[in-house]
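Residue numbers begin at 1 in each chain, while the letters A, B, ... track the order of the sequences.
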Amino acid sequence: MNVTETERQQLREAQARLVRALSRRGAEAPVGLDPSRLDLTAQLLAHKRERIVARAWPNLAAAMGPAAFRWRFDEYAQKHPLLQTGAQDDGMAFMRYLSATDVLPDAGRLEWLHARLRRTWFAIAYLRQSRKLAVGFRLPRGGRRIVQMRTRLSWRSAALSS
Amino acid sequence: MQPKESDIRCRLGLGIGWRPELALAIERRTELGFVEVVAENVPADGPVPPAIEQLMARGVKVVPHGVSLSLGGAEPVDPQRLERLGKLARRFGSPLVSEHIAFVRGGGIEAGHLLPVPRTRTALDVLVENVKVAMDALPVPLALENISMLFEWPDAEMDEVTFIGEALRRTGALLLLDLSNVHANARNLGWDAMRFLEALPLDRLAYVHMGGGVEEDGVYQDTHAHATPVEALQLLEALSARVQIPGAMLERDDHFPPEQELNRELDAIASAMVGRRQQQTQSAGERD
């Protein structure tokens with residue numbers, strides 16, 4: 001019972017069409033599938049993807065609040081289909097997206113920094129809201145430390161106001 | 001290493017899906033026979049997570065459950081993912097591993113979800129091919145799980161239970177029977193759950209999944225974030241009258257309940273899996 005290359009290709013295409021239809025609104029669905037059920041599945045998938053990232057990045061989720069998290073994540077998800085499963089990669093990509101439009105809250109940036117320190121021994125991030133520089137280290141025995149320092153900008157404005 | 005067509009069905013007992021949020025409750029539930037770990041979420045290298053190590057030390061069996069092999073997909077199985085699954089089985093001394101009759105990616109995109117395979121001869125042949133490759137590479141037996149679906153592909157050449165039965169028969173794989181999925185599909189697609197159960201090759205049953213869900217917008221969603229529906233428990237009890245159930249477990253993935261509630265859910269599964277007849281025998285024995 002050998003599958004011909006044509007048959008395999010047809011299967012491949014049908015499956016690809018379904019995945020595209022489920023991950024991006026407006027993408028054409030395979031013929032003959034119940035559109036309302038497909039739509040519902042797409043919504044459930046989007047919600048699932050969002051929940052996975054929110055659970056893995058709770059400080060980010062809390063800092064944004066559920067409503068903002070949901071609509072910003074939806075915006076991000078529509079533009080970025082899932083190329084690799086995993087809350088880590090998806091969450092980091094989401095944070096890059098938020099950072100690019102300057103809406104990544106400090107709590108999220110700190111969470112990102114903490115995660116970065118799993119793969120590198122030193123990392124820094126600028127916390128825009130509190131205007132501090134967060135400097136992170138991984139210690140020899142594996143612990144992670146983040147120190148927040150006022151930047152010169154803050155000192156100068158503090159000096160001007162006194 | 002050729003896994004044999006397994007009539008060596010391991011006695012697993014009562015189990016649960018291991019999740020970090022449930023670690024303490026799981027540790028305290030001393031009569032658990034097995035835990036299932038999501039293969040993609042546990043490390044294949046480095047130290048074994050302490051919680052898992054403790055469970056292994058007290059004799060609890062650990063079953064890696066894969067979600068990313070995409071055995072129903074048109075693409076050949078990724079050898080790296082397969083190797084990883086086998087590595088986990090060896091690392092945890094697992095009696096078997098499990099995966100799904102589903103595909104999870106297409107067109108270079110991850111669906112992030114288990115999607116139904118078209119029920120055609122071609123798709124069945126592709127699935128069988130992938131499963132055989134997987135079984136050849138794995139050091140332990142492989143069980144395949146039936147998934148829930150909100151929609152079906154058009155032009156099906158056979159029904160779901162025939163598709164599953166054929167796949168198992170042609171590959172020699174075991175069955176991971178998700179009764180909540182059977183209930184969900186009965187609800188959402190109008191299938192007859194009992195007839196589904198009766199048509200399955202139950203001699204291949206490795207273990208059972210029980211998970212919760214919720215009715216919303218006229219559709220049953222198996223969220224694994226709610227209590228197990230009574231219909232699924234009834235199916236478990238009906239199943240126990242037809243076959244000796246080697247293992248049955250609770251799946252909970254989100255909105256984790258307090259320990260007491262979790263234990264009540266596990267109690268219900270423990271009770272249903274031995275069935276009413278056995279319970280009656282037991283209590284009759286006690287009365288004498």
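Using modelled atom types and a 3.5 Å distance limit, the side chains of B:E36 and B:H209 yield a donor-acceptor pair. No donor-acceptor contact under 3.5 angstrom links the side chains of B:S180 and B:H183, judged on distance only. A donor-acceptor contact closer than 3.5 angstrom is absent between the side chains of B:D125 and B:T122. Checking B:D222 against B:S148 by side-chain atom types alone, a donor-acceptor pair falls below 3.5 Å.
Smallest separation of non-hydrogen atoms from B:W153 and A:L33: CA-CD2, 3.7 Å. Across all their heavy atoms, B:F92 and B:V37 have their closest contact at CE1-CG2, 4.2 Å.
For chain B, the nearby part of A:L44 is the side chain; its heavy atoms alone come within less than 4.5 Å. No part of A:R49 comes within reach of chain B, as not one of its non-hydrogen atoms sits under 4.5 angstrom from that chain. For A:L11, the parts sitting under 4.5 Å from any heavy atom of chain B are the backbone and the side chain alike. Heavy atoms closer than 4.5 Å to chain B are found in the side chain of A:L22, but not in its backbone. With a threshold of 4.5 angstrom between heavy atoms, A:R51 approaches chain B through side-chain atoms but not through N, CA, C or O. Proximity to chain B (any heavy atom under 4.5 Å) is restricted, for A:S23, to the side chain, taken from C-beta onward. When heavy atoms are compared at a cutoff of 4.5 Å, B:N188 approaches chain A by way of both its backbone and its side chain. For a residue to count as touching a neighbouring chain, one of its non-hydrogen atoms must lie under 4.5 Å from one of that chain's; by this rule A:Q84 touches chain B with the backbone only. At a 4.5 Å heavy-atom cutoff, B:E40 makes no contact with chain A through either its backbone or its side chain.
Between B:E75 and A:R8 there is no salt bridge, since no side-chain N of the basic residue sits under 4.0 Å from a carboxylate O of the acidic one. Residues B:R169 and B:E166 are paired through a salt bridge, judged by an N-O separation under 4.0 Å between the basic side chain and the carboxylate. B:R119 and B:D155 are not joined by a salt bridge, as no carboxylate oxygen comes within less than 4.0 angstrom of a charged side-chain nitrogen.
In this structure, CG in A:D90 is found 13.0 Å from OH in A:Y97, a value given to the nearest 0.5 Å.
Taking non-hydrogen atoms and a 4.5 Å limit, the residue list of residues 97-110 of chain B in contact with chain A, ordered by number, reads B:F103, B:R105, B:G106, B:G107, B:G108, B:I109, B:E110.
Most heavy-atom pairs under 4.5 Å with chain B, from the set A:Q9, A:R55, A:R20, A:Q10: that is A:R55. The candidate with the highest count of non-hydrogen atom pairs below 4.5 Å against chain B, out of A:Q15, A:K48, A:E7, is A:Q15. Of all the listed residues (A:V31, A:L83, A:L18), the one sharing the greatest number of non-hydrogen pairs under 4.5 Å with chain B is A:L18.
Of the residues listed (B:D136, B:N130, B:V77), the one engaging B:L82 in a side chain to side chain contact (heavy atoms under 4.5 Å, CB included) is B:V77, and it is the only one.
By the 4.5 Å heavy-atom criterion applied to side chains, B:L85 and B:L69 are counted as neighbours.
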